[in-house]
Amino acid sequence: MAEKNTANIGFEKQIWDAACVLWGHIPAADYRKVIVGLIFLRYISSAFEKRYQELVAEGDGFEDDPDAYEEENIFFVPENARWSKIASAAHTPEIGTVIDDAMRAIEADNKKLKNVLPKNYASPDLDKRVLGDVVDLFTNMDMGDTEESKDLLGRTYEYCIAQFAAYEGVKGGEFYTPASVVKTIVAVLKPFSNCRVYDPCCGSGGMFVQSAKFIQAHTGKRGTIAVYGQESNADTWKMAKMNMAIRGIDADFGPYQADTFFNDLHPTLKADFIMANPPFNLSNWGQEKLKEDKRWKYGIPPAGNANYAWIQHMIHHLAPNGKIGLVLANGALSTQSSGEGEIRKKIIEDDLVEGIIAMPTQLFYSVTIPVTLWFITKNKKQKGKTLFVDARKMGFMVDRKHRDFDDEKDIQKIADTFSSFQDGTLEDVKGFCAAASLQDIAKQDYILTPGRYVGIEEKEDDGEPFEEKMTRLTSELSGMFARSHELEDEIRRKLGAIGYEV
C-alpha cells in the first residue's frame, strides 16, 4: 500500500537535496523559482522523451509531429528545450543562458505561457558551477513516472515551501492541497464532461488536475472541462499556468494574479462545480472596504476571519444546480463569534449544506490542524437533510508525519456513502455517518460538528462478564496506584540526595 500512496516524499526529498546545493549561493527568495523552473523542464522533457521513443519504435515518422504528443496529453518540447541539451551543457559557462533560451523557446510555442516561465538562470547572481551541479542532480533523478494524475509540481513546490519555512522561520503559503483531499472532493462531486469548474484560490491547480483525471477515468476519454481559477500570489499563479500546460488543460486564470475579494476576475461566472482550499482563518482580508458587497447574501463576514467570506463568494458563483466542495478549518463548524453563527444558520436554513466530512489530521505537509470538507449544493436531492461523516480514523500513516487515504478503502467508501445518501438508501452507521434533518441541526444550535450527529462507534461485546471485568479493572487500577506511590517516594529520595526537599 505505501508504495502506491500520494504522500510519499521520496521524490520531493530529491528535489529538496537539489535546492540545498543552492543554499547560500542565491537569495532565498529565488530558490523556488529556480527549482520549480527546472522541475517543469525536466518533467515535460521526460514525458516527451518517453513518447518520442514510442513513436520512433512505431516507425511511422510521427516523432516530430506535435499532434502525436497532444493527442496523448503530452507537452511537445522544442528541440533546444529538451533536457538532453540542458544536461550536456551543465558544466559550461553558458548553462544559465541555455536554460533561459529553453524557457523562451517554450513560451514562443505556447502563447499562454508568455512571461510565465522563470528566466533568471543567466543572472550573474547565480553561480554557474552550482547551477551545473543542480542540473546533474535533476539529470540523475528518476522522472519516469509522469502520469498526469500526479500533481508533482504542486506537491514538490509545497514540500519545498515547508522546508524553506522551517529554515527561514516564516510560514509557507497554503497553495497545494494533498491529493487524498482533492480526490475525496472530486469523488463526491463527480464532475462531468463539458462542465464549468472554478477555484477562487486555485494555488497550483491541483483541483483541476484531479477533475480532468476523474472525467477521463469515468468516460474513457479526457473530456472537456471549462476551467476558471484565480490566485493572488504571482509565483503560485505562474506555477498553476505551468501545471495546466503540462496537462494540456485549457484554463482561464485571468491575465494576472489578483485578490479574489477585491478584484473578482470572473464576475459573471456561474460554475457547475466549485472546489477550493482557501487560506485557513485568513485575517485582515479587507472587510472594512467591502461591507456593501453583493456577495454577502447571508451577512457581512467578520473582519478577523475570511472563512464565511469564502463560502459566500463561492455560493454567489454557483450555477442553479451547482455544487461546492471546499476545505475549512474546524472552527467554521461551530463558531458563534462576530456574526458567523448567524451566517451559518441562514445558509443551513436555505438548505444548501449537503454534507460535512471531518477529516483526520496530518494529511497536509505543513498544516497539522484538523480540517473539514464542506459540500454545499443548490437544488440538492435530499431536501431538508444533511449528511455527516466522521472520517477522522480513516487513512494510514505513510511515515511518522504524513497520513494518506487509500483510493479504494477510504475515498471510495466516502463517495459511496454520499451516493447512498443522495439516493435515499443510506443506513446510519454509529461513529461514521448519519443523515440529519434541518430540525436536528437546529436543536444543535446550527453547529455542524459531525460527532454530534454520528455518535460514538459501538464496540463489540468482548464476552467478559461485567462483574469479572470490574474486578479485573479495579485490581489493575489498584496496582497502578501502588506503583505511583513507589515512584513518588523514589523521586523524593533522589531530590533529597541532592539537597532538595519536597
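Any value given below was found using the heavy atoms of this structure, including those in side chains, with hydrogens, waters and symmetry copies removed.
Put simply, CD1 on Ile414 and NZ on Lys409 are 13.0 Å apart, with the number rounded to the nearest 0.5 Å.
The residues Glu486 and Arg483 are annotated as salt-bridged, a charged nitrogen and a carboxylate oxygen being separated by less than 4.0 angstrom. Salt bridge Glu340/Arg344: absent, no basic N to carboxylate O contact under 4.0 Å. Using a cut-off of 4.0 Å between Lys/Arg side-chain N and Asp/Glu carboxylate O, Lys323 and Asp272 are scored as not salt-bridged.
Pro370 and Thr361 make their closest contact through CB-CG2, 3.9 Å (heavy atoms, listed as atom of the first residue, atom of the second, distance). Of all heavy-atom pairs between Ile35 and Val134, the closest is CD1-CG1, 4.5 Å. The two residues Gly384 and Asp351 come nearest to each other via the heavy atoms N-OD2, 2.8 Å.
Geometrically, Lys413 engages Phe432 in a cation-pi contact defined by less than 6.0 Å to the ring centre and at most 45° from the axis.
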Any chance you could lay out the ring pair (Phe, Tyr, Trp, His ring centres under 6.0 Å) test for Phe253 and Phe208, step after step, and finish with the verdict?
CA-CA 12 Å; Phe253 291 159; Phe208 306 127; 5.8 Å; yes

Quick one, Ser232 with Asp259, criterion side-chain hydrogen bond (donor to acceptor under 3.5 Å, both in side chains). Give me CA distance, side-chain angles, the key distance, then yes/no.
CA-CA 5 Å; Ser232 61; Asp259 183 293; 5.8 Å; no

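Ring planes of Tyr453 and Phe388: parallel class, angle under 30° (limits at 30 and 60°). Between His313 and Tyr198, the ring-plane angle classifies as tilted under the 30° and 60° cut-offs.
The closest side-chain donor-acceptor pair between Thr139 and Asp136, if any, does not fall under 3.5 angstrom.
A side-chain donor-acceptor contact under 3.5 Å links Arg403 to the backbone of Met394. No donor-acceptor pair closer than 3.5 Å links the side chain of Asp423 to the backbone N or O of Thr425.
For the pairing with Tyr446, the side-chain hydrogen bond (donor to acceptor under 3.5 Å, both in side chains) check across Glu349, Gln336, Lys345 returns one residue only, Glu349.
Ring centroid separation for the pair Tyr298 and Tyr308 does not come in under the 6.0 Å cut-off.
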